[in-house]
Every structure is written in C-alpha cells, then in structure tokens.
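Let me begin by presenting the structure, written as structure tokens, before commenting on it.
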Number of protein chains: 2
Amino acid sequence: MTKREQSAKEATVADVARAAGVSKAQAARALGGYGAVSEQVLSLVIAAAEGLGYRPNQLAKSMTTGRSNSIGVVVGDIENAHFGLALRGISDEVRDAGYTVVLVNTDEDLANEVAAVQELLQQRVAGLIVAPCSSTDTSHLESAQAHGRAVVLFDRGVRGLALDTVRVDFADAALEVGRLLLDTGHRRIGYVSSQRVKAAYQRGMDLGLSPVADRVDGIERAFTEAGSEWDPALVKLNATSDDALAAACAELLDQAEPATAVVCSDSLIALRVLGQIKRRGLRIPEDISVVAYDDFAWTELIEPPLTVVAQPVYDMGREAARALLRRLGHRVPAEQLPLRAHLIERASVSAPTVSSTLPGR
Amino acid sequence: MTKREQSAKEATVADVARAAGVSKAQAARALGGYGAVSEQVLSLVIAAAEGLGYRPNQLAKSMTTGRSNSIGVVVGDIENAHFGLALRGISDEVRDAGYTVVLVNTDEDLANEVAAVQELLQQRVAGLIVAPCSSTDTSHLESAQAHGRAVVLFDRGVRGLALDTVRVDFADAALEVGRLLLDTGHRRIGYVSSQRVKAAYQRGMDLGLSPVADRVDGIERAFTEAGSEWDPALVKLNATSDDALAAACAELLDQAEPATAVVCSDSLIALRVLGQIKRRGLRIPEDISVVAYDDFAWTELIEPPLTVVAQPVYDMGREAARALLRRLGHRVPAEQLPLRAHLIERASVSAPTVSSTLPGR
DNA sequence: TTGAAAGCGCTAACAG
DNA sequence: CTGTTAGCGCTTTCAA
C-alpha cells in the first residue's frame, strides 16, 4: 500500500477499473474522456485513479490508436542560435496541439541525418521537421514521405519534391546586400557559408533551393546589374569546422588581391569570421566591411555594430510547425505569418580604402 | 506489391515471417538479433525484411520490453545558448547509447515544468534530465524519482533530495569576482539574474543549491573579507522578461548612488544589460564595469571584451547524460569530466570614477 | 533450433 | 450507459 509498492509497477486501466469496481472499458472511457460514462462511474474512476497514482501510458495509447503525439525535429547544429530560436517556435506551436518534440542533432552530416530520420520513423513520430543538410541527397526524406509520414522542410528546399517547405525568400535582400556593397565601392566580395557541397563553388553551380543559393545569386545579380566583374572564387562553402573556416578566411584575406568585404552566412559563421579578422588586426569597416545574415542581439552590441540581414527565425519555426500540424489534420490559423528578410544597415560597411586592395598591408 | 501498397500499412514481424516462410517468433529473433536462429532462417528473414521495407516499431518494442529508448530533457529556455550547448552535450552522449532526446521548453515556468515532467513520464521516457526552474518546488521531481524513474538535475540542485545533480561549483570563481571588483575599487556591485524567487532578494535569503546562490554568496564573502559594507539590495532576481530586466537595471543605474559594477548571471542577461547600458550612453568600463557568467564567442568580440566566468557547458551536458545513463544501467567512462569555472579577465572592469558614484551624471 | 501462445496497456467495435 | 472481446506489433516463456 505504500509508495514503494506503487513504484514497482505503474497502475494500469485494469487496476483502476478493479479499484473502482467497474469494467475496464468504462474505466478507460472515463479516464480517456471518450464514449459515454455516467456521473457516478466517472467520479468513482477518477477517485480510484487518483488513489493509485494512475498515469496513462502514452506508448500503449499511440500503439493502439496508431496516432503518436510526438514530432521529430532534425537540425544540423542546435548550438547555432538560428536553430535554437526556430526550435522554440516549433516547440511553442506544437505544444498547444498536444505534441512533444523529439530532437536530433546531425552535425550537418548526411549519414547522421539519414540515421536520424530512420530512427524517428521507427519511433513512429507523427511527422518530421527537417533542416536538411543537403539539397540533393534527399531520398530518405522522399521515402519517409512515400511511407505516408508528414515531412516539412526547414530553411532548405528540394527541387522537384512535393514537400512543404518553410523558408524565407532572400532574393530581394540578397540583391540589396550586393548593391549596398557595390555602391559603397566594393568589387571583391567574399561569402562564407557552412553549407556542404561536393566541390569548390563555381559560377552557375546548383546550390539547390537553399538560402545560400539565393544569397550568392543576389550578389551575382548586383554585379551584373552594375556591369562589374564578379569573382565567384570568393564564395567559400563547406566552412563546417574551425579549420575549414580559417582556411576560407585565409583564401579571402591573405592574398594579393584580398576581399574588401565579406558576407557571413549565419551568426555562427560571423562570430568566427570576426575572430579571424580580429586576429589579423584588421579594422572594420576601414580595412574590411562585414555583412552577416541573422540578426541576433550581439550583432548590435559589437564595435562597430554589424550590418545584417534579419529574418524572422522564431516565426519560421512556428510556420514549419503549423505546416506540419496542417498535414496531420489539425486546425491551425489560416493566415500565414509573413516571412520576410530585411537588411539592417549599421556600421560595418564602408568604402574600401586603397591600401586594402593592395598586397602586403 | 508496389510502394503504394507498402505505404498503406507498415510491414510487421508477422508479414516478414510469412514472406520468409518461418514462424513469427523466429522472424522476430532474427530481426532483433536475440535468441537462437539458424544461418538459413537468418538470411531468409533478412531478405524478406528488405523486400518488404520492414522497419521495427519502437513503440511496440518499448511497450513489450518495458524499456524505452528516449530520455526527456526539460530546460527553461532553449533560446539561451547555455542550454543549447548543454543540449548538444547531452545529445552527443546519449546517442552512442542508443537513446534519443525528447525536449521540452518551460519558459522558466514551474507549472509548465510540472506538466512537462508529467507528460514525459506518460511517454515512458527512460529517464529525465531537468534544469529545474525552482530550487524549492520540486515535488514533481521527487515523485518521478519515487515512481522509479531516473532523474538527473542540471545546473540547479535541491537540498535534501537524493538526486544526481550536475553543476559546477562557483564558490571560488564567485569569490574571485567579488575580490576583483572590490580590489578595483567597487563598493556598489549589482547582480542580475533571471532566477525566479518569491520576493526581492535580501541578505541570508535561501537561494537553494543554485549557481546564483554560489555567486551572490561569493560576492558577499569578498565584502566580508575586505571588511566592507555590502548592499544586498543590489541583487536583482526575477529578471525573466525584458521589462523586468529593464526595471532591474533602472534600480541599479538610475539612482542617487548607482551601482558602479554589474555582474550578469548568464549570457542572455548580459546581452540585455549591455543593451540597457548602451541605451543610457554609459561607457564600459569607464562609467560602469561589467562581469558576466558564461563565456560565449561574442563576449570576446565586443568592445570592450567582457570579463567573464567561463564554465564547461558542453561537458556539463555530457556529464548529466552520463549520470543518467549510469542510473539506467549503462556502462559509461568512470572518470568524471572536470567541471570547473574560471575567471577570464578581459577589459570590462576598471576602477570606478568619482563621477560615477555621484548623482546626476 | 523452432513454433505456439500469452501477454504489455490501451482503444475500439459490438452486443447488451 | 455498460461490459466483453479483440486486437496494435513486439518479446518471451514454454514445449517440442
């Protein structure tokens, strides 16, 4: 009768039914709030359940109903504030619908991502929100979809795949960034991203339906528009590790004709690029201009405050969740949250000095 | 036979068994890698499983074995880089043991936390890692423990509760912070934290086994040691919202005898306090000195670089996971990762100027 | 090494 | 309204 005894075995519907002196079905109905139950039975069952410390077993419930109350979220790097915030949006939105979030971090590694999706599917999550690390290798997502699981893509889309995708269109903002830099006098503009690709970037390379594709394209369009020569070699991808990023920065900054401006693909990249710049004793914006994507609080507090492209990350998370819930047959507000990116000019961009375009500074 | 058909119903052990022409039990044994199975049956079953695209149903598996392969993690604010990084540590560590992470964000709200624990328990997670928002209201955790679920506390302990707790001891570091500030000449030292307490802080208040308790205590001890008068009214807790934080800063900075130094309890608080300081046009460290807990990359990049107390957040996450795994009967490395905090002096602390101790600046 | 059968805790027909 | 009876997909005795 003591607590020790309860801890041995969790009370079940059958136990409650017995204690309440009703049938298992009635107890289940009372507990589950479905079907028809008399007042009397209801209170009897409630009391019994309370006395036994009954907790419904979600596993068994999902098992019999075939409906799970958890969704899987697969991201590349939870340490990145971008995903932290998006996750919060997702979390807040699905909570109201009664779902819980199973999170997997993939370290931006495709094999991990495939394994994660597999594992989540085996856990029979109701649906999946995935920020895919590749825009091309997505057979695991297609197959999940084919097996009847709801899948929503986050940040990155896949061409020709009928998957709901939540991402902001960076076309305008990216063009603006390009123009800003060009208007300010820059001609050698670097871009650093952790996006994984098979080879070094070259003009016309297919980056899939990714933010990076939009952003690089925006820069290129600005160059075309201005009739200037663009050097695609300054686009550095695959900066997934500290070393890789250091190498990219070296190629950008330590050459005869260095970049005079660098665009950082996210706040984590920005943090590291800033470190590299500092290490070299370069001043911003005198020696090098910097623009970063994602507007987190610290970008405004550093000296100089960073010119950034803000995006509504939290709302993106919520939208992804809503898209998924919709697929799962839930009612969610019809109006979409507007997902727009916008440039915020602060003080990290200025005209390149003559000296910065010369070697040996 | 087509994919469309498979998508209707997932293949089960029974299906595989039938296709392989063996009994359900044998198929299950072959698939699950337990029990005795002949070479022949094994290959037959493997082939059949492959052909049907069989995926084991984790739900059913957990259901029958009573063992779950997921653990619950409950944190106050996933947006806080502190938890993001810790979560990564947890995630990395449990992955190897075959567990997945169910994450719940509580917004530092006790009711949410209680509900989260309840929900996770109903989901029959194998164990729980909780960063409790209160050091006192912890009956839900005790009860989880009493019901035989493994619980590990993160960051904050509970006095008199036999729960594994992973937290770093801030006694030394906090004393050092106090000494540094006192030695530099500060006498009015503010402290800002988002920890929830029932009333305003006053000397001797029990803050539980929390980092904040350690840190405030360290400051007080430094004062005692120096024989100086400490003003406990400068300890501002409950700064959970932007408004609350703004109010705390106002009380600290906009009074006749303002604080000349402020200690920030975590990086999120620091970000906001820095914003408040900037808004007032105060210079760091000339007008006000700043020390923050948690050493994230941006703290070194701002101007001036922040003097901080670093803590091994990622390893704390890993240790929490290990403690839990241990409780769950897994073999994990016996040696503990050292969890030490240390002061990193940078440039945000200097002697208070006379003017800053005078009103009307 | 195999197979039949009995559950795990719950819901969902189907009769009363 | 209530109770009986099947399962959900898997593991696990228990015999063969």
Side-chain angles (χ1 to χ4, degrees), chain A residues 6 8-46 48-49 52-70 98 121-126 147-148, chain B residues 6 8-46 48-49 52-70 119 121-126 147-148:
Chain A
Q6 286 181 22
K9 273 286 169 206
E10 299 266 351
T12 73
V13 186
D15 297 330
V16 175
R18 204 172 308 123
V22 300
S23 76
K24 210 175 66 170
Q26 279 308 86
R29 288 195 259 254
L31 260 11
Y34 60 92
V37 188
S38 67
E39 286 285 325
Q40 197 191 357
V41 170
L42 189 73
S43 54
L44 235 42
V45 172
I46 300 288
L52 293 168
Y54 169 78
R55 285 174 211 273
N57 184 332
Q58 264 302 334
L59 251 46
K61 194 172 289 195
S62 311
M63 174 90 232
T64 53
T65 58
R67 263 168 282 127
S68 156
N69 69 149
S70 61
L121 251 26
Q122 294 185 184
Q123 249 178 72
R124 298 299 191 264
V125 294
H147 276 266
Chain B
Q6 286 180 25
K9 273 285 170 209
E10 299 266 353
T12 72
V13 186
D15 297 330
V16 175
R18 204 171 309 122
V22 300
S23 76
K24 208 175 67 173
Q26 279 309 85
R29 287 194 260 253
L31 260 11
Y34 58 91
V37 187
S38 68
E39 286 285 324
Q40 197 191 358
V41 169
L42 189 72
S43 53
L44 237 42
V45 171
I46 300 288
L52 293 169
Y54 170 78
R55 287 173 209 272
N57 183 331
Q58 265 301 334
L59 251 48
K61 196 172 285 193
S62 306
M63 170 102 227
T64 51
T65 58
R67 265 168 281 128
S68 156
N69 69 149
S70 61
E119 170 63 31
L121 251 26
Q122 295 185 181
Q123 251 180 69
R124 298 300 191 264
V125 293
H147 275 267

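What's counted below: heavy atoms across the whole structure, side chains too, no hydrogens, waters or symmetry copies. A, B, ... follow the sequence lines: proteins, then strands. Residue 1 opens every chain.
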Ignoring backbone atoms, test whether [X] places a side-chain nitrogen or oxygen under 4.0 Å from the OP1 or OP2 oxygen of [N].
{"X": "Y34(B)", "N": "dT1(C)", "value": "no"}
{"X": "R67(A)", "N": "dA12(C)", "value": "yes"}
{"X": "S23(B)", "N": "dG3(C)", "value": "yes"}

How many Å lie between [atom1] on [X] and [atom2] on [N], as a whole number?
{"X": "D15(A)", "N": "dC10(C)", "atom1": "CG", "atom2": "P", "value": "9 Å"}
{"X": "Q58(A)", "N": "dT11(C)", "atom1": "CD", "atom2": "C1'", "value": "13 Å"}
{"X": "K24(A)", "N": "dC10(C)", "atom1": "NZ", "atom2": "C1'", "value": "7 Å"}
{"X": "R29(A)", "N": "dA12(C)", "atom1": "CZ", "atom2": "P", "value": "10 Å"}
{"X": "N57(A)", "N": "dG7(C)", "atom1": "CG", "atom2": "P", "value": "18 Å"}
{"X": "L31(A)", "N": "dA12(C)", "atom1": "CG", "atom2": "P", "value": "14 Å"}

Closest approach of [X] to [Y] (non-hydrogen atoms, all atoms of both residues):
{"X": "V45(B)", "Y": "L31(B)", "answer": "CG1-CD1, 3.5 Å"}
{"X": "K61(B)", "Y": "P56(B)", "answer": "NZ-CB, 4.0 Å"}
{"X": "Y54(A)", "Y": "A11(A)", "answer": "CD1-O, 3.3 Å"}
{"X": "S68(B)", "Y": "V125(B)", "answer": "OG-CA, 3.8 Å"}
{"X": "S43(B)", "Y": "Q40(B)", "answer": "OG-O, 2.9 Å"}

Check: Of G21(B) and T65(B), whose closest DNA chain C nucleotide lies nearer the 5' terminus?
Finding: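 Residue closer to the 5' terminus by nearest nucleotide: G21(B).
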Next item on the list: Using heavy atoms to find the nearest nucleotide of DNA chain C for V37(B) and R124(B) separately, return the residue whose nucleotide is more 5′.
Entry: V37(B)
Margin query: As a test of reading the structure: which of dG9(C), dT1(C), dT11(C) is closest to the side chain of Q26(B), going by heavy atoms?
Written below: dT1(C)
Note to self: What I'd like to find out is whether the side chain of R29(B) reaches to under 4.5 Å of the side chain of V41(B), using heavy atoms alone.
What the structure shows: no
Item checked: For chain A, the stretch of DNA chain D it reaches, first to last nucleotide, under 4.0 Å of its heavy atoms ->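 Counting from the 5' end, contacts occupy dC1(D) to dG9(D).
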Next item on the list: Supply the atom-to-atom distance R124(B) CZ to S62(A) OG, rounded to the nearest 0.5 angstrom.
Entry: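 One gets 11.0 Å once the value is rounded to the nearest 0.5 Å.
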